[in-house]
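In what follows, a single structure is set out as structure tokens and then discussed.
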Amino acid sequence: MCGWRGSLLALCVALWSGGAVAEDILGAEYLRPVSRYHHDILGHTPEWGAMRLRLDHGKEVTITLPDSQIFEDIAPRLADLDGDGAPEVMAVQTDLRLGARFSVWDETGLIAATPFIGQARRWLAPVGVADLDGDGAVEIAYVDRPHLAKLLRVWRFVDGQLVPVADQPFLTNHRIGWDHIPGGIRACAGQPPVIITANGDWTQVMATTLADGRLSSVAVGPYRGDQSLSEALTCR
């Protein structure tokens with residue numbers, strides 16, 4: 001199962017210092033709560049001004065955003081996007097004028113990002129990351145404006161850039177004020193990955209797959225609370 005949960009996700013990543021010594025990222029976390037945006041889309045959880053990457057041997061790297069931006073997110077997410085065995089760090093980065101975007105980081109700073117949504121207090125809710133169509137490249141999925149547009153968007157990480165792949169309307173994974181994001185990506189042995197969300201009016205659990213550059217969605221059961229989405233993520 002490929003979803004993102006918890007306040008701290010840990011993986012190992014090979015980093016090179018001066019081209020000679022490898023370091024490992026042991027975890028990533030947001031820090032420096034700020035009060036410069038007041039969106040509160042995730043309830044009364046903090047909005048963050050910085051992100052810390054914890055390396056081995058007690059080393060740390062802190063990435064600090066300018067005063068015009070925040071991390072508007074639950075936790076940083078780590079996954080290997082380029083297939084080199086070393087995961088990158090993913091975050092929801094928000095500009096106070098332009099709204100949110102999905103961003104990818106390493107210990108040197110920003111690697112890649114989607115465009116900002118374009119308006120203040122417009123947010124996106126991450127779903128997960130996987131090779132959704134089995135072509136060897138990794139895709140990331142999120143819901144663009146889960147309370148308004150309700151648009152599932154899939155992007156592919158290619159040559160250090162996020163490239164748009166496909167969109168699917170009338171899907172969502174978050175309600176205003178929730179401090180969590182239910183659903184995710186179900187990845188079971190011998191089966192293609194499946195994106196699990198609710199439909200736009202929260203009546204059905206939806207399973208969405210990517211094939212030939214297109215997203216296809218089917219209802220797999222009624223929505224009866226977050227447990228419905230958790231059950232749909234279970235491999236059978």
Side-chain angles (χ1 to χ4, degrees), residues 3-11 13 25-55 60-79 81 87-129 140-153 155 162 171-184 197-198 202 226 229:
W4 289 319
R5 299 182 183 182
S7 61
L8 181 65
L9 303 179
L11 285 172
V13 56
I25 290 182
L26 303 179
E29 60 187 344
Y30 296 127
L31 67 159
R32 299 182 186 170
V34 296
S35 58
R36 53 186 180 239
Y37 195 47
H38 302 294
H39 191 198
D40 293 332
I41 203 68
L42 289 162
H44 297 297
T45 59
E47 296 164 344
W48 306 99
M51 177 170 61
R52 177 168 55 210
L53 308 183
R54 293 190 298 106
L55 312 183
E60 296 179 347
V61 173
T62 298
I63 296 168
T64 302
L65 293 177
D67 290 345
S68 60
Q69 296 180 2
I70 61 167
F71 289 116
E72 191 176 17
D73 202 356
I74 296 169
R77 300 155 178 84
L78 276 68
L81 296 181
E88 289 72 41
V89 182
M90 292 159 286
V92 180
Q93 176 190 10
T94 296
D95 184 272
L96 275 57
R97 294 188 305 106
L98 300 175
R101 70 177 180 181
F102 190 94
S103 57
V104 181
W105 307 75
D106 66 11
E107 81 287 0
T108 68
L110 182 67
I111 301 173
T114 64
F116 290 108
I117 291 172
Q119 183 177 344
R121 292 173 174 79
R122 297 295 183 266
W123 183 68
L124 63 87
V127 176
V129 57
I140 64 98
Y142 63 79
V143 178
D144 181 349
R145 291 159 290 173
H147 324 108
L148 296 171
K150 301 179 181 180
L151 181 67
L152 175 66
R153 306 206 67 189
W155 297 69
L162 288 171
L171 298 172
T172 190
N173 61 343
H174 187 264
R175 283 177 157 160
I176 293 173
W178 279 1
D179 62 359
H180 62 287
I181 303 171
T197 65
W202 293 95
D226 290 355
L229 298 176

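It should be emphasised that the depicted structure is a prediction, and the values quoted were computed from it without experimental measurement.
Side-chain N or O atoms of Thr172 include none that pairs as donor or acceptor with a backbone N or O of Lys150 at under 3.5 Å. A distance-only check finds a donor-acceptor pair linking the side chain of Arg36 to the backbone of Gln69 [under 3.5 Å]. Of the possible polar contacts, none joining the Asp73 side chain to the Ala91 backbone as a donor-acceptor pair under 3.5 Å is found.
Taking NE2 from His147 and CD1 from Ile176, the interatomic distance works out to 5.0 Å, rounded to the nearest 0.5 Å. Rounding to the nearest 0.5 Å gives a distance of 4.5 Å between CG of Leu42 and NE2 of His174. A distance of 13.5 Å separates CH2 in Trp48 from OG1 in Thr64, rounded to the nearest 0.5 Å. To the nearest 0.5 Å, the span separating CG on Leu53 from CG on Leu78 amounts to 8.0 Å. In this structure, Ile181 CD1 and Tyr142 OH are separated by 13.0 Å, a value rounded to the nearest 0.5 Å. To the nearest 0.5 Å, atoms CG (Leu162) and OG1 (Thr114) are separated by 7.0 Å.
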Set out, in order, the CA-CA distance, both residues' side-chain angles and the distance that settles side-chain contact (heavy atoms from CB on, under 4.5 Å) for Ile70 and His39, then state yes or no. CA-CA 11 Å; Ile70 61 167; His39 191 198; over 6 Å; no
Starting from the C-alpha separation in whole Å, work towards a yes-or-no answer on side-chain contact (heavy atoms from CB on, under 4.5 Å) for Thr45 and Ile74. CA-CA 8 Å; Thr45 59; Ile74 296 169; over 6 Å; no
Derivation and outcome, side-chain contact (heavy atoms from CB on, under 4.5 Å), residues Arg153 and Phe102: CA-CA 11 Å; Arg153 306 206 67 189; Phe102 190 94; over 6 Å; no
Quick one, Leu229 with Asn173, criterion side-chain contact (heavy atoms from CB on, under 4.5 Å). Give me CA distance, side-chain angles, the key distance, then yes/no. CA-CA 9 Å; Leu229 298 176; Asn173 61 343; 5.9 Å; no
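Counting heavy atoms from C-beta on, the side chains of Arg77 and Val129 never come closer than 4.5 Å.
Partners of Ser103 by side chain to side chain donor-acceptor pair (under 3.5 Å), not counting sequence neighbours, listed by chain and number: Trp105. With sequence neighbours left out, the side chain to side chain donor-acceptor pair (under 3.5 Å) criterion links Ser68 to no other residue.
Heavy-atom contacts from other residues, nucleotides or ligands closer than 6.0 Å to CZ of Arg97 number 12 or fewer.
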Check residues 115-126 and write down every donor-acceptor pair under 3.5 Å in which the side-chain atom is one partner and the other belongs to a residue at least two apart or another chain.
{"unit_1": "Arg121", "atom_1": "NH2", "unit_2": "Tyr37", "atom_2": "O", "d": "2.5"}
{"unit_1": "Trp123", "atom_1": "NE1", "unit_2": "Glu72", "atom_2": "O", "d": "2.9"}

